[in-house]
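A quick write-up on the structure given underneath.
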Amino acid sequence: MCGTVTRADEGRRVILAGWVNHRRDHGGLTFLDLRDHTGLVQLVFNPTHSGEAQRVAERARLEWVLRVEGTVGRRPPGNENPNLPTGEIEVTVESCEVLAQADAMPMGVADDALAEERVRLQYRYLDLRRPRMQRNLRARHRFVKTLRDVGDELGFTEIETPTMIPSTPEGARDFIVPSRLWPGHVWALPQSPQLYKQLSMVGGVDRYLQIARCWRDEDLRADRQFEFTQLDLEMSFVDEDEIFEVLETMISRAWESAFGMTLATPWPRLPYADAMRRYGSDKPDTRFGHELTDVTAIFEHCQFRVFAGAIAAGGVVEALRVPGGGELTRGELEGEWLQVARTYGAQGLAYLWRRGGDYEGSITKFLSVSELAQLTAALGVVDGDCICFTAGTQRVAATALGAVRMHAARRFGWIPEGQFDFLWVTEFPLFEKDPDDGRIKAVHHPFTQPHPDDWPLVRTAPERVRSRAYDIVCNGVELGSGSLRITRPEQQAAIFEALGLTLAEAETKFGFLLTAFRYGPPPHGGFAAGIDRIVMLGLGENSIREVIAFPKTQTGADPMTGSPTPVAPEQLAEVGLRLAPKAGSSAPGPT
RNA sequence: GGCCCCGUGGUGUAGCUGGCCUAACACGCCACCCUGUCAAGGUGGAGAUCGGCGGUUCGAAUCCGCUCGGGGUCGCCA
């Protein structure tokens with residue numbers, strides 16, 4: 001292979017095939033760099049050795065595919081290239097065959113010739129030739145292969161579950177597939193194999209594993225695609241400790257084999273409530289401190305109406321000390337910093353500077369000497385700091401200031417590079433109130449066990465019930481989640497009741513699972529980890545599109561294939577469908 | 001659905017406080033020269049009317065509006 005030729009091969013005859021990465025034509029003597037996924041090697045075409053091969057080399061252009069036969073030799077002294085692994089040697093070509101020509105490239109293939117993402121996706125097959133993408137694809141392969149290997153060692157059985165399953169209204173929007181044999185009926189692509197893996201537990205599988213493709217018809221993001229891949233696990237007769245240990249083993253070993261870095265295990269556990277309180281996030285970036293402080297008690301009776309009003313309404317005031325923030329201008333704080341807080345629902349962002357041993361800033365005049373002294377003590381304020389505040393409900397104030405914390409971290413370089421802080425966020429709330437209709441909904445899914453201590457609250461104060469659901473978080477990215485499941489009918493009934501589901505409704509939605517649970521379900525729990533995101537993180541990429549061979553754009557299209565495409569009426573008729581006219585193309589209505 | 005950023009030859013950029021832009025530079029492409037280069041070099045050449053539409057103006061790549069496309073993000077993602 002091109003990149004694996006070494007000094008040890010000196011004198012050997014080799015046959016190499018690859019792409020022309022670069023050409024340097026001296027009008028007689030010609031050099032071509034030949035590339036395959038292993039790297040580059042310099043080919044020398046000397047008219048005195050082989051005039052025929054040299055004439056081919058003169059014609060060859062970037063990205064032509066060549067097969068050459070030649071002899072490996074040391075480069076003449078002084079002509080070594082220390083920037084290349086194969087820089088000490090070269091291949092003197094005796095014969096050269098053009099396997100394929102290439103038109104002028106629509107984009108460069110070198111890593112430092114990065115084109116606009118639209119162009120990269122349109123010519124994804126060229127983009128994939130880039131060394132970086134080759135590295136990413138192969139690292140992903142190693143990662144997944146090791147997950148399977150370790151899973152096998154740990155007694156897991158890989159089970160394939162269907163990709164055409166019943167559609168359920170819960171959770172994300174389904175991609176639906178019309179049924180030809182059952183006109184008017186549809187299948188859905190799974191958002192996850194959740195129910196099937198639980199059924200496999202009932203089926204005695206004991207330890208289920210799947211590298212599962214999942215689909216969700218929601219808006220795309222840097223870390224979200226329509227279809228993504230998860231490491232899906234389910235285990236019988238286990239509790240959190242065993243599940244955590246399995247995942248720590250599988251992911252740390254796969255991480256090491258794919259990225260060559262070791263991960264310390266076990267990972268710390270952080271209850272959800274603490275994560276929200278300390279970091280203002282359920283997926284905290286714990287690579288740096290600068291935690292939030294609840295200063296509600298200090299400002300309970302203060303003259304600043306925004307604080308006092310929020311507290312009187314049952315809310316809180318959160319504070320963040322920004323060392324060095326004294327240099328922040330009013331324009332910055334009231335511009336982009338405020339915008340960050342507002343994006344996450346805060347009404348505003350209050351701030352103070354500590355300069356020359358005193359507080360400055362527009363809210364200073366509303367705060368008493370005593371209040372400011374307490375603030376100084378509580379946060380350890382020193383000269384040159386800026387203190388940012390949000391006020392409101394605990395959730396909004398903390399979340400917004402948590403976002404400000406991340407903004408500050410990037411602004412002031414708090415984030416240590418090359419560090420990976422994995423942790424478990426545990427004891428997620430079981431329920432949450434839907435702000436739109438005020439109804440109680442399951443945070444994870446309705447089969448999640450409540451925390452054993454909180455069973456009495458299921459009836460009385462459902463929003464305070466903690467669950468046995470947990471997430472893996474690393475560097476502020478949510479990498480996966482899981483839970484222990486409910487298998488006892490009477491417990492399940494209590495949860496459905498809290499969710500406002502009648503037994504009849506539950507039967508309609510999940511009847512097959514409830515039926516299965518009448519025939520001796522083993523206690524079980526599991527986890528699903530987002531492979532795209534983990535590989536993205538391990539490779540230092542900022543988007544999962546960099547670790548997916550053929551991703552979609554943010555608008556959910558594929559520029560390479562020009563899809564999605566319109567569909568012929570006959571094809572629709574066959575599956576019993578009629579499409580609504582496109583909103584823009586319908587007749588204009590009354591204005 | 002909201003907010004923010006971007007859109008100039010095949011690619012990447014400059015120009016964008018309006019006229020000197022009949023649009024510049026690098027890479028790539030074409031032709032010729034060149035036997036030790038490795039971001040090879042030299043000479044010459046082709047190639048964009050500045051995403052699209054509309055407006056302001058004597059005059060627009062440069063200002064405004066709409067629109068299309070790409071990216072980021074909030075909502076959404078049990």
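So you know, we letter chains A, B, ... as the sequences are listed, proteins then strands, and number each from 1. As the structure is a prediction and not an experimental result, all values here were calculated from the model.
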For [X] and [N], is the shortest distance between a side-chain N/O and OP1 or OP2 below 4.0 Å?
X      : N      : answer
A:T168 : B:rA78 : no
A:R221 : B:rC74 : yes
A:R120 : B:rU11 : no
A:T343 : B:rU73 : no

Salt bridge (Lys or Arg N to Asp or Glu O under 4.0 Å) between A:R132 and A:E546, worked out: CA-CA 9 Å; A:R132 179 151 190 146; A:E546 301 297 330; 5.8 Å; no

Gap in Å between the two [atom1] atoms, one belonging to [N] and one to [M], rounded:
N      : M      : atom1 : result
B:rU56 : B:rC63 : C1'   : 8 Å
B:rC21 : B:rC3  : P     : 39 Å
B:rC6  : B:rU49 : P     : 23 Å
B:rG55 : B:rG71 : C1'   : 28 Å
B:rA24 : B:rU35 : C1'   : 36 Å
B:rA23 : B:rA48 : P     : 10 Å
B:rG52 : B:rG69 : P     : 15 Å
B:rU8  : B:rC50 : P     : 11 Å

Closest contact, heavy atoms only, A:H524 versus A:F517: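 That would be CE1-CZ, 3.8 Å.
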
Contact summary for A:E218 and A:R173, nearest pair of heavy atoms: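 Between these two residues, the closest heavy atoms are OE2-N, 2.8 Å.
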
Taking any heavy-atom pair under 4.0 Å as a contact, classify [X]: base, sugar-phosphate, or nothing.
X      : value
A:A113 : nothing
A:R545 : sugar-phosphate
A:Q554 : base
A:Q191 : nothing
A:L121 : nothing
A:R224 : base

Partner of [N] by Watson-Crick or G-U wobble geometry, both contacts under 3.5 Å, or none?
N      : value
B:rA24 : B:rU13
B:rG7  : B:rC68
B:rG44 : B:rC30

Nucleotide nearest A:D219 when distance is taken to its side chain, options B:rC76, B:rG36, B:rU35: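 Of the candidates, B:rC76 comes closest.
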
Nucleotide of B:rC29, B:rC38, B:rU35 approaching A:P47 most closely (side-chain heavy atoms):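 Closest of the options to the side chain of A:P47: B:rU35.
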
Residues, nucleotides or ligands: over 12 heavy atoms within 6.0 Å of A:D434 CG: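 Counting neighbours around CG of A:D434, more than 12 heavy atoms of other residues, nucleotides or ligands fall under 6.0 Å, so yes.
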
Residues, nucleotides or ligands: over 12 heavy atoms within 6.0 Å of A:Q347 CD: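 For A:Q347, atom CD is not crowded (no more than 12 foreign heavy atoms under 6.0 Å).
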
[X] [atom1] to [N] [atom2]: how many Å, rounded?
X      : N      : atom1 : atom2 : value
A:I544 : B:rG72 : CD1   : P     : 10 Å
A:D112 : B:rG28 : CG    : P     : 12 Å
A:Q54  : B:rU35 : CD    : P     : 10 Å
A:E116 : B:rC68 : CD    : C1'   : 14 Å
A:E218 : B:rU73 : CD    : C1'   : 16 Å
A:E58  : B:rA31 : CD    : P     : 11 Å
A:R173 : B:rC76 : CZ    : C1'   : 7 Å
A:Y123 : B:rG28 : OH    : C1'   : 14 Å

Evaluation steps, salt bridge (Lys or Arg N to Asp or Glu O under 4.0 Å), between A:R23 and A:E58: CA-CA 9 Å; A:R23 56 190 298 269; A:E58 261 182 343; over 6 Å; no

Those residues of residues 72-91 of chain A lying under 4.0 Å from RNA chain B by at least one heavy atom: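 Those residues whose heavy atoms fall under 4.0 Å from RNA chain B, taken from residues 72-91 of chain A in numerical order, are A:R75, A:P76, A:N79, A:E80, A:N81, A:E90.
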
Under 6.0 Å between the ring centres of [X] and [Y]?
X      : Y      : result
A:F226 : A:F175 : yes
A:W424 : A:Y272 : no
A:F447 : A:F510 : yes

First of A:L220 and A:P106 reached from the 5' end of RNA chain B, by closest nucleotide: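 Closer to the 5' end of RNA chain B: A:P106.
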
Whichever of A:T555 and A:N46 has its nearest RNA chain B nucleotide further upstream toward 5':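 Mapping each residue to its closest nucleotide by heavy atoms, the 5'-most match is A:N46.
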
A:E234 and A:K197: CA distance, side-chain angles, deciding distance, salt bridge (Lys or Arg N to Asp or Glu O under 4.0 Å) verdict: CA-CA 6 Å; A:E234 196 75 9; A:K197 69 175 175 176; 3.5 Å; yes

Presence of salt bridge, A:E88 and A:R7, under 4.0 angstrom: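 Between A:E88 and A:R7 there is a salt bridge, with a charged N closer than 4.0 Å to a carboxylate O.
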
Distance-only donor-acceptor test, A:Q42 side-chain atoms vs B:rU37 base atoms, 3.5 Å: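 Per atom types, the contact qualifies.
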
Using a cutoff of under 3.5 Å, can you pull out all pairs of nitrogen or oxygen atoms linking the protein to nucleotides 3-6 of chain B, with atom names and distances?
none

From CA spacing to verdict: salt bridge (Lys or Arg N to Asp or Glu O under 4.0 Å), A:R124, A:D558: CA-CA 10 Å; A:R124 187 58 155 181; A:D558 176 6; over 6 Å; no

